[in-house]
There are 2 protein chains.
Amino acid sequence: MRVLLVEDDRVLGAAMRDHVTASGHAVDWMQRLDDAELALSTVNYSLVLLDLNLPDGRGLDLLRGLRARGSDVPVIITTAMDQVAIRIEGLNSGADDYLVKPFDLSELTARIAAVARRYGGSASPGIVIGAVVVDLGRRTVTVDGKPETLTAREWRLLERLLARRGAIVTKDEIEEALYAFGAEIESNAVEVYVSRLRKKLGRDFVVTSRGLGYQVPA
Amino acid sequence: MRVLLVEDDRVLGAAMRDHVTASGHAVDWMQRLDDAELALSTVNYSLVLLDLNLPDGRGLDLLRGLRARGSDVPVIITTAMDQVAIRIEGLNSGADDYLVKPFDLSELTARIAAVARRYGGSASPGIVIGAVVVDLGRRTVTVDGKPETLTAREWRLLERLLARRGAIVTKDEIEEALYAFGAEIESNAVEVYVSRLRKKLGRDFVVTSRGLGYQVPA
DNA sequence: ATGTTGGTTTCAGCCTGATGTCAGGTGGGG
DNA sequence: CCCCACCTGACATCAGGCTGAAACCAACAT
């Protein structure tokens, strides 16, 4: 994989670059946003590691710009412990996953591996569930052949459910996947998103097990 | 999977053991390091849960010894919130993942599942009882290959019975497992749920011992 | 500034199926 | 043969889940 690392801290950046390189990926390390933007416009990356603590704090703009341009490259953001708000905003803006500083480098590789697995690199055959075809790599869904569009949160929910297809996934589990750790939710948001997914993908796409959780049939 | 749990705290240890057992794994719980060493030298575990707060603080030595001997069994370490240094050292010494106390039990199962997935072994192989196959981790059951759905209470009952497969479980024991402590019940609810389980999983799945309790054959 | 758009979050009322209870039936054991 | 423990179909209840709509919020256009 080709990875773009955007991190202004020299020590941390170097450590991350070395670690990711050691995991067998090609890393381009940019310390400034405009360099990163330039790199993104010229190279096709398979993953972006984005620090949201950049001095000018405009890391989010880069992410938004990416998504606005229709790019679906996976983005993992890093934030400091206390920046829950920023983290949430990052997820809302289309980030795929996040890491809280200080994080362990092994954790970093784990997340990268997860992303790689999820987006299957070369082969993204498309998962078929009845009339629904999901392509996680390209971020597309079709229902009865007609393309359907999902929002960021809906994707995260769908991914979580498909990651354990056939198994029952608890609400807590989904909540953890949908929202940054530490960010509490004070409503039935999970139910709402399940409802939305059903409206788009079909009533029977997700089945409810009262008191246990949700499940997409194997 | 066969899991070695090394934890000196009685309460936490018991809770962890029960939880992991309920996920469908066999657990050996050691409260002292030398017992753990002995167990490791005689049994082939597929996962080790290692507390690094052990009184003599030599949990790390166990880990290092393991790796020195060339063992590649996955190890998840647990440390207290503030012991960042120890955690890092643990990872450097060959741990695969870590949990920061206090952690949530659901988080524990998630990590275990992740480790299991990473090492190819299915997290929950499925318990086989005649025509019935139970996967506690995924919350799925099949009878003669056909999927069957259980309700929350039915799962609780099933888990209780399987946790002591082959042994006779008293009604009181079941009642305690089915209902929150203190919430008493004023009917033959246990009998009713056994009946419902039988209807779904087969008449002979549960055997009655009049006056003693119930048992699922080994 | 102001409005528009699109996503997210919350709320309230409706709906449904899991649950606890009971009553009548079954059968093992003394 | 007669207990008494256990089984099981039926049913009312209500917690848990569903969903339309409104409030909210950030980004963007006017």
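Numbered from 1 within each chain, the chains take letters A, B, ... in sequence-line order. Bear in mind that the values here come from a model prediction, so they are computed numbers and not experimental data.
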Quick note, A:Thr151 side chain, CB onward, closest among D:dG9, D:dC7, C:dT8 is C:dT8

A:Tyr45 meets the side chain to side chain donor-acceptor pair (under 3.5 Å) criterion, sequence neighbours left out, with A:Asp28

Rounded to whole Å, CG of A:Asn188 lies from P of D:dG20 at a distance of 13 Å

Quick note, A:Glu89 side chain, CB onward, closest among C:dG20, D:dA26, C:dT8 is D:dA26

side-chain contact (heavy atoms from CB on, under 4.5 Å) filter on B:Arg156, not counting sequence neighbours, yields B:Arg153, B:Leu178

Review item, nucleotides 28-30 of chain D N/O atoms under 3.5 Å of protein N/O:
none

Between A:Tyr179 and C:dT9, does any side-chain N or O lie under 4.0 Å from OP1 or OP2?
-> yes

side-chain contact (heavy atoms from CB on, under 4.5 Å) filter on A:Ser195, not counting sequence neighbours, yields none

B:Trp155 CH2 to C:dT19 P, in whole Å, measures 13 Å

What is the nucleic acid contact for A:Arg203, judged by heavy atoms within less than 4.0 Å: base, sugar-phosphate only, or nothing?
sugar-phosphate

Atom CZ of A:Arg156 and atom C1' of C:dT8 are separated, to the nearest Å, by 14 Å

For B:Thr149, the side chain to side chain donor-acceptor pair (under 3.5 Å) test, sequence neighbours excluded, returns none

In whole angstroms, the gap separating C1' of D:dC24 from CG of A:Asn92 amounts to 12 Å

On a heavy-atom basis, the closest approach of A:Thr78 and A:Lys101 is OG1-CE, 3.6 Å

To the nearest angstrom, the CD-C1' distance between B:Glu148 and C:dA18 comes to 15 Å

Rounded to whole Å, CD of A:Glu154 lies from C1' of C:dG6 at a distance of 11 Å

Applying side-chain contact (heavy atoms from CB on, under 4.5 Å) to B:Thr142 and not counting sequence neighbours gives B:Val133

Side chain to side chain donor-acceptor pair (under 3.5 Å) filter on A:Gln215, not counting sequence neighbours, yields none

Rounded to whole Å, CG of B:Leu157 lies from P of C:dT19 at a distance of 11 Å

Within residues 193-202 of chain B, the residues having a heavy atom closer than 4.0 Å to DNA chain C are B:Tyr193, B:Arg196

Closest of C:dT8, D:dA27, D:dC6 to the B:Lys171 side chain is D:dC6

With sequence neighbours left out, the residues meeting side chain to side chain donor-acceptor pair (under 3.5 Å) with A:Arg165 are none

The correct set of residues in residues 210-218 of chain B placing a heavy atom under 4.0 Å from DNA chain D is B:Arg210, B:Gly211, B:Tyr214

A:Glu175 atom CD is separated from C:dT8 atom P, nearest whole Å, by 16 Å

By side-chain contact (heavy atoms from CB on, under 4.5 Å), A:Glu154 pairs with (sequence neighbours left out) A:Leu150, A:Thr151, A:Tyr193, A:Arg196, A:Lys200

Query - Pair B:Lys146 + B:Asp144: basic N to acidic O under 4.0 Å - result: no

*Does A:Arg160 come within less than 4.0 Å of A:Glu175, counting only side-chain N to carboxylate O?*
no

So salt bridge (charged side-chain N to carboxylate O under 4.0 Å, His left out) across residues 201-218 of chain A, not counting sequence neighbours, yields none

